[in-house]
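The basis for the numbers below is simple: all heavy atoms, side chains too, and nothing from hydrogens, waters or symmetry mates. What you see is a predicted model; the values in this text were computed from it and never measured. Just so it is clear: chains get the letters A, B, ... in the order the sequence lines come, proteins before strands, and each one is counted from 1.
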2 protein chains.
Amino acid sequence: MNEKKRIPKSAVSRLSLYLREIQRLEKDGRDRVSSTELGEFTDLTDAQVRKDLSYFGNFGTSGSGYEIATLKASLRKILGKGAMWPIVLVGVGNIGSALLRYPGFKHEGFVIKEAYDVDRNKIGVRYDELVVKDVADINKNEKGKAAKIAIIAVPEKAAQDVADILVKSNVKCILNFAPVVLKVPEGVTVRNIDLSTELENFSFLLSFSK
Amino acid sequence: MNEKKRIPKSAVSRLSLYLREIQRLEKDGRDRVSSTELGEFTDLTDAQVRKDLSYFGNFGTSGSGYEIATLKASLRKILGKGAMWPIVLVGVGNIGSALLRYPGFKHEGFVIKEAYDVDRNKIGVRYDELVVKDVADINKNEKGKAAKIAIIAVPEKAAQDVADILVKSNVKCILNFAPVVLKVPEGVTVRNIDLSTELENFSFLLSFSK
DNA sequence: CTTACTTCGTGACTTATTTCACGAAGGCGG
DNA sequence: CCGCCTTCGTGAAATAAGTCACGAAGTAAG
C-alpha cells in the first residue's frame with residue numbers, strides 16, 4: 001500500500017520470480033495462491049512474499065490469498081511488461097550471438113533491435129531480420145531510436161568505450177557481460193553478469209568446506 | 001584478521017573484483033596499491049575495500065597500502081585459484097555452446113570437462129577435445145570423476161530433473177541459467193543467471209523514471 | 001630524531017533488509 | 001448469524017551490511 005517506503009532493490013528481482021511463478025500456476029489452471037505457497041515455489045518465506053508485494057499495493061484478500069489473474073496483471077504493470085522493449089546489443093561473439101538466437105526474449109517483451117560489432121567477419125551477418133552493423137555507426141543509428149536498454153558482450157578491453165558510446169546515445173540501462181566495472185554517469189544503471197566471479201564464488205566455497 | 005566474524009556473502013564476490021583489478025595493475029607494472037585506489041577501480045569506498053580484505057587477513061601496510069604480488073597470491077589462495085576446477089555442463093543449446101566455445105574459462109582456472117544434452121543432433125558433436133554425451137549417461141560418467149561444479153543451460157522444464165541428477169552425482173555448486181528456482185538439498189549451492197529477471201529490473205526502472 | 005603525511009585495521013554507528021508476530025478481514029459450515 | 005479457520009498487511013524487533021572516524025603504524029624529508 002505504502003508508496004513512500006523505500007523499496008529494497010532486491011524486491012524488484014523477487015517480483016520477477018513471483019510473476020513467473022503465478023504465470024506458471026495460471027497455465028496449470030489455478031486461480032488463487034497464498035503467500036505461503038508462493039514462498040515455497042520461490043524458496044522464500046511467506047512474510048517476505050507478503051512484504052514484497054505490499055510495497056507495491058494491496059493485492060491479497062485476507063482469507064483466501066491472491067487472485068492470480070489480478071496479481072499477474074498488477075505485477076506485469078509494475079515490471080513494465082506489455083510494452084515491447086527494444087534492446088541494442090554490442091558484441092556478436094560467443095555470448096552475443098547466443099543471445100541473438102535466443103527466442104525467449106520476444107516472448108518476455110524484449111527484442112534485440114540492433115546488433116553491432118567491430119569484426120569485419122561479423123558485420124553484415126544476418127540473424128533473422130537483423131543485420132549486424134559496424135560499431136562505428138552506433139551513434140548514427142541509435143540517436144533518436146530510443147532504445148534505452150543495451151547489452152554489452154564485447155571483450156573486456158572494449159567494454160568501457162562501448163559503454164561511453166551507449167551512454168551518449170541515450171541508453172539508460174546496461175547489461176554487461178564483460179569482466180570490467182563500468183564507469184557510467186548517474187542515472188545510468190549497470191547490471192553485471194560475470195561468470196568468473198560466479199565461478200570463483202564456487203571455488204571459494206569448495207576450497208573451504210573440507 | 002578476525003577469522004570468527006561473519007563474512008558478508010557479497011564480500012567474496014568483491015574479492016573477485018579486487019583480484020581482477022590487481023592482476024590488471026600488475027600487468028601494468030604496478031607493485032603497490034591503496035584501498036582508495038582499489039575502491040576507485042571497483043566503484044566502492046576505501047573503507048569497504050579495507051573491511052572486505054580484513055575479513056581474510058592483514059594484507060596491508062599502514063603507510064603504503066597493499067603490495068600487489070602478495071595480495072594477489074593471498075586472494076588467489078582464498079578464492080581457490082591455482083587448482084584447475086573441472087565443470088560439467090548440461091545443455092548445449094545457444095548458451096551452453098557459447099560457454100563451450102568461450103576460451104576464457106581455462107585461463108581463469110575452470111574447464112568444462114563434460115557436456116551433456118538430450119538432443120540427438122547435439123549428442124556426439126565435438127568441441128575441441130570434448131564430445132557431447134547423452135544426458136542419460138550423466139550418472140555413469142560423473143560418479144567418481146568428482147566434478148563439483150555444474151552449469152545448467154537447459155530449458156526450464158528440464159532444469160529441476162537435471163539438478164536432481166547432478167546432486168546425486170555429487171555436484172556441490174550449480175550455476176543455473178534456466179529461469180526456475182531449483183530445489184536442492186542443504187550443502188548444495190545454486191547461483192542463478194537469469195536474463196529475464198535482469199531485464200525486468202530494467203523495464204521496471206524505465207517505466208517509473210518518467 | 002622529529003614532524004608531517006599517508007594509509008591501514010577496526011570498533012562504533014548508521015542504514016538496509018529480513019523476520020516475527022499479531023490484529024483485522026474474509027470465507028465457510030452449521 | 002456465529003464461531004472457527006485461513007491468510008493478509010504491517011509495525012516492531014532482529015539481523016545483516018556498509019560507513020565513519022580515529023588510533024596506530026609506516027614513510028619521507030630535513
Could you go through the side chain to side chain contact (heavy atoms under 4.5 Å, CB included) check for B:I112 and B:Y127 one step at a time? CA-CA 10 Å; B:I112 298 178; B:Y127 289 80; over 6 Å; no

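- Although no hydrogens or angles enter the test, the distance criterion places a donor-acceptor pair under 3.5 Å between the side chain of B:N201 and the main chain of B:T197.
- Distance CG (B:D46) to C1' (C:dG9): 12 Å, rounded to an integer number of Å.
- By the 4.0 Å N-to-carboxylate-O rule, B:R24 lies too far from B:D28 to be salt-bridged with it.
- In this structure, of C:dC8, D:dG18, C:dT19, it is C:dC8 that holds the atom nearest to the side chain of B:Y66.
- An OP1 or OP2 oxygen of C:dC8 is reached within less than 4.0 angstrom by no side-chain nitrogen or oxygen of B:T61.
- You'll find that the side chain of A:R50 is closest to D:dG9, out of C:dT10, C:dT18, D:dG9.
- Counting to the nearest Å, the P atom of C:dG26 and the CZ atom of A:F59 are 17 Å from each other.
- B:K9 has no side-chain polar atom (N or O) that falls below the 4.0 Å cut-off from OP1 or OP2 of D:dA16.
- Taking atom CZ of B:R14 as the reference point, atom C1' of D:dG18 lies 8 Å away to the nearest angstrom.
- Using a 30° and 60° split on the angle between ring planes, B:F208 and B:F204 fall in the tilted class, from 30° to 60°.
- Between the P atom of D:dG11 and the CZ atom of A:R6 lies a distance of 14 Å, rounded to the nearest Å.
- Counting only heavy atoms from C-beta on, A:S64 has its side chain closest to C:dG27 among C:dT19, C:dA16, C:dG27.
- Nucleotide C:dT17 holds its P atom 11 Å from the CG atom of A:D52, rounded to whole Å.
- Distance alone, capped at 3.5 Å, places no donor-acceptor pair between the A:N94 side chain and the A:A98 backbone.
- Between the side chains of A:Y18 and A:D52, at least one donor N or O lies within less than 3.5 Å of an accepting N or O.
- The side chain of A:Y55 lies closest to C:dT18 when the candidates are C:dT18, D:dG18, C:dC20.
- At C:dT18, one or more side-chain N or O atoms of A:S10 fall inside 4.0 Å of OP1 or OP2 (strictly under the cut-off).
- At C:dT19, one or more side-chain N or O atoms of A:Q48 fall inside 4.0 Å of OP1 or OP2 (strictly under the cut-off).
- Below the 3.5 angstrom threshold, one finds no donor paired with an acceptor across the side chain of B:K51 and the base of C:dT10.
- Taking atom CD1 of B:I7 as the reference point, atom C1' of D:dA17 lies 13 Å away to the nearest angstrom.
- Between A:E67 atom CD and D:dT7 atom P the separation is 16 Å, expressed in whole Å.
- No contact: B:R32 has no heavy atom under 4.0 Å from any strand.
- Nearest-nucleotide assignment on DNA chain D puts the 5′-proximal partner with A:G65, out of A:G65 and B:A11.
- Atom CG of A:L71 is separated from atom C1' of D:dT7 by 14 Å (rounded to the nearest Å).
- Distance from the side chain of B:S62 is smallest for C:dT7 among the nucleotides C:dT7, D:dA16, C:dT19.
- Here the side chain of A:S54 is nearest to one of D:dG9, D:dA16, D:dA25, namely D:dG9.
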